[in-house]
Student: 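Just passing along the structure, written as structure tokens.
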Amino acid sequence: MPATRYTMSHWGTYEIHQGRRGPRLKGLEADPDPSPIGLHMLAPEIAASRVRRQAIRQSWLEQGPSARPDLRGREAFVEVDWNTAFALVGNELDRVRRDHGNAAIFGGSYGWASAGRFHHAQSQLHRFLNTIGGYVAHRDSYSLAAASVLLPHVVAPMHWLMTHHNSWDDLAENCDLFLTFGGVPAKNAQVSQSGVGRHHLRAGLRQMAAAGVEFVNVSPVASNLETGGPVDWIPVRPGGDTALMLALAHELHRLGAHDTAFLQRYCTGWARFEAYLTGAADGTPKTADWAVPLCAVPADRIRALAARMVGKRVMINSAWALQRAQHGEQPFWMVVTLAAMLGQIGLPGGGFGVGYGAENMLGSPHAQLKGPSLPQGRNPVSAFIPVARIADMLLNPGAAFRYDGAEYRYPDIRLIYWAGGNPYHHHQDLARLERAWQKPDTIIVHEQAWTATARRADIVLPVSMSHERADIGYATLDSVLVATQPVCPPVGVAKSDYEIFSGIAAQMGVADRFTEGRSTAEWLRHLYDELRSHWAEAGIVLPNYDSFVDRGLFDLSDRAPQTRIMLSEFRADPQANPLSTPSGRIEIFSETIAAMDLPDCKGHPMWLAPREWLGGGDLTYPLHLISDQPERRLHSQLDPSPHSRGGKIAGREAAALHPDEAARRGLVHGQVVEVFNARGRCLAGLSIDPGVAPGCLRLATGAWFDPDPETGLERHGNPNVLTADVPASELSQGCSAHSCLVDLRAAQDLSPVKAFDGPEFATAPAPG
């Protein structure tokens, strides 16, 4: 019997089976909770959305770079052959390098790309651009920028924390109370950035519930924590979590329940924060009564929650959503501070988490091993931008910006090269991005499908999907190493990113430097042999490459699981195991941040009201928009699939609203509504949901951007026409999507959705 063949994606590893009608996918047999998302990769609706041939925007092809940028997204494309496409791209890169320098090329290209370790689009792009002299890069992520910049000053780098969280088995054995701000959403933990072998979250939560762990979910949404047992849901005003945490801290202090010995030995700056907490510094004690108008949680409930925390082993968790907001650094700083006050950091079952439920790997018991990695070379260009500031960069070349205590200037970008991402999904205030997108001379995109980004490019090169190529799949803290195989041939004439860049490199005379003389198959063998050597040092004996490919999957689950307790070594001996912070301890007050003298991020956690805030009394837009991650896709990936479409209402993204809010507006379940504010309007299908707190509207991200070219009305339910393109703070410059106020009404314009229609094509001009 032939060995099972596999493919891997961000949402799971899938077995390839041959049916009567062709190949089909099945969840990995060893996966206790396979995600249904990837089962639909072969759906005809996905194939219909694909880019099949190389396409050049007509004005750009006929008139050259910078021709009619206002027509991006509105103009027909002309299809050309690969040799023509390679020549056009190579010549344009040479022109920009010659006339403006490599610092005029933006290659940040943010996105999740492919789960394969070789066919990872950004790695391929960055290697290629470094080969030709470099590019302007981005730093951080839309998901996590505020926390990523803050936490190294306070406790540890974010990636280190993510790979060291207390494992689920420890929490089931030792945790008494799991207090989470923003839930532990299973829909998010379907995915991991490098792929998934075995999913852990649902089983972990159910194991905890069966062991009698108490759960408290402080969130505007009830459904983002499901344990199979009771959950105490405390609805909170979005953006008010920091105020609630301060009130809990004040109550613990009033009760004398804070661990002064821990704060003295393991932390620095407690006295400065204590003066703020009690009101000695500013005259305002951060009591439960003070917090009520800010967080919309009754004072008695705040005091009762604080009392429940006393004398128990408590894990305090924050979802990543909390820091995707104005002043998003503050709730993460407060989570660490609250846990420090309880004195349980580094103990079994206690401490803090910064993202249980955000990705599959958090809480995993599996070994941390280095996966195979394509070398990208060195980038000679020092200019960069924080990832969420792309529109600022394009609109304000030369303008100054602050980031993590230093001042920089935005480069003057003439060419954008994007591979493996979709800014028209991730970015905020898409009308503003539309204006910024007209600034560069040329936009080049590698795309699998006719997304909004592809339709707004000048050159679109069709790229294969992960299930159409061979690769090596391995996810951080997972238990399988996979030899992925093509399920089917690429659609149309699509090539892998590596094949595309190899063709352009040959056109530009740098093929040997980019490819090092290796084909795709030779690179895979080379990367595997390097991995085999590294893992042998860790006592793991891998078969040779040919045997690995024949076998299809190498299972690491027989290695003893590791019960992790984050920061246990630091707790055991803080002198021998200091943190990487300036003091070597947990910094409740950071001298480094205080010395930056920022207006919107001071030296310790504190309450700072977002600019868009109902507490300020402006009821023009009386609903907080919750633009969370979708359940039926990863970001915008596979949105045309029947699985994603099955969650829509009237063909549009579902907008969930509390019954009282719907009744107040005379709206009923299933009708099409218009969500609006001063930045934009979009249509959505209304879902009446008592699990959404009053005063909130939940509209998941990822619906393919579909604006009416005449009216600007977004027809598909993309919330980023509503969100503000302003930074979390001058510390991180992170995105602040969740600081957004809106209203909704019955839709009058029921324009049909055209998100998946694809562009028009024109005939190529006659030669000469």
Student: What pairs with D99 under salt bridge (Lys or Arg N to Asp or Glu O under 4.0 Å), at least two apart in sequence or on another chain?
Tutor: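 Salt bridge (Lys or Arg N to Asp or Glu O under 4.0 Å) list for D99, sorted by chain: empty.
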Student: Using the test salt bridge (Lys or Arg N to Asp or Glu O under 4.0 Å), find all partners of D512 that sit at least two apart in sequence or belong to another chain.
Tutor: none
Student: Kindly write out the residues that satisfy salt bridge (Lys or Arg N to Asp or Glu O under 4.0 Å) with R95, not counting sequence neighbours, or none if the list is empty.
Tutor: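 With sequence neighbours excluded, R95 shows a salt bridge (Lys or Arg N to Asp or Glu O under 4.0 Å) to E92, D441, given in chain and number order.
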Student: Can you list every pair that meets salt bridge (charged side-chain N to carboxylate O under 4.0 Å, His left out) and has a residue in residues 114-143, with sequence neighbours left out?
Tutor: R127-E516
Student: Suppose the criterion is salt bridge (charged side-chain N to carboxylate O under 4.0 Å, His left out): which pairs have a residue in residues 467-476, not counting sequence neighbours?
Tutor: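 Checked against salt bridge (charged side-chain N to carboxylate O under 4.0 Å, His left out) - neighbours excluded - the pairs reaching residues 467-476 are R50-E468.
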Student: The criterion is side-chain hydrogen bond (donor to acceptor under 3.5 Å, both in side chains); which residues satisfy it with H40, sequence neighbours excluded?
Tutor: none
Student: Among residues two or more places apart or on two chains, list those pairs meeting salt bridge (charged side-chain N to carboxylate O under 4.0 Å, His left out) that have a residue in residues 522-538.
Tutor: R525-D546
Student: Can you sort out the partners of W320 under ring pair (Phe, Tyr, Trp, His ring centres under 6.0 Å), two or more places apart, ordered by chain and number?
Tutor: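 So W320 forms no ring pair (Phe, Tyr, Trp, His ring centres under 6.0 Å) with any residue.
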Student: Among residues two or more places apart or on two chains, list those pairs meeting salt bridge (charged side-chain N to carboxylate O under 4.0 Å, His left out) that have a residue in residues 369-392.
Tutor: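 As it turns out, the salt bridge (charged side-chain N to carboxylate O under 4.0 Å, His left out) pairs with a partner in residues 369-392, which skip direct neighbours, are R389-D392, R389-D725, D392-R432.
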Student: Can you name the side-chain hydrogen bond (donor to acceptor under 3.5 Å, both in side chains) partners of N544, sequence neighbours left out?
Tutor: S547
Student: Taking side-chain hydrogen bond (donor to acceptor under 3.5 Å, both in side chains) as the test, write out the residues that go with E730, two or more places apart.
Tutor: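 Testing E730 for side-chain hydrogen bond (donor to acceptor under 3.5 Å, both in side chains), a comparison that skips the adjacent residues, returns none.
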Student: Name all residues meeting the side-chain hydrogen bond (donor to acceptor under 3.5 Å, both in side chains) criterion together with T163; count only those two or more places apart in sequence or in a different chain, and write none if there are none.
Tutor: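 By the side-chain hydrogen bond (donor to acceptor under 3.5 Å, both in side chains) rule, T163 matches no residue at all.
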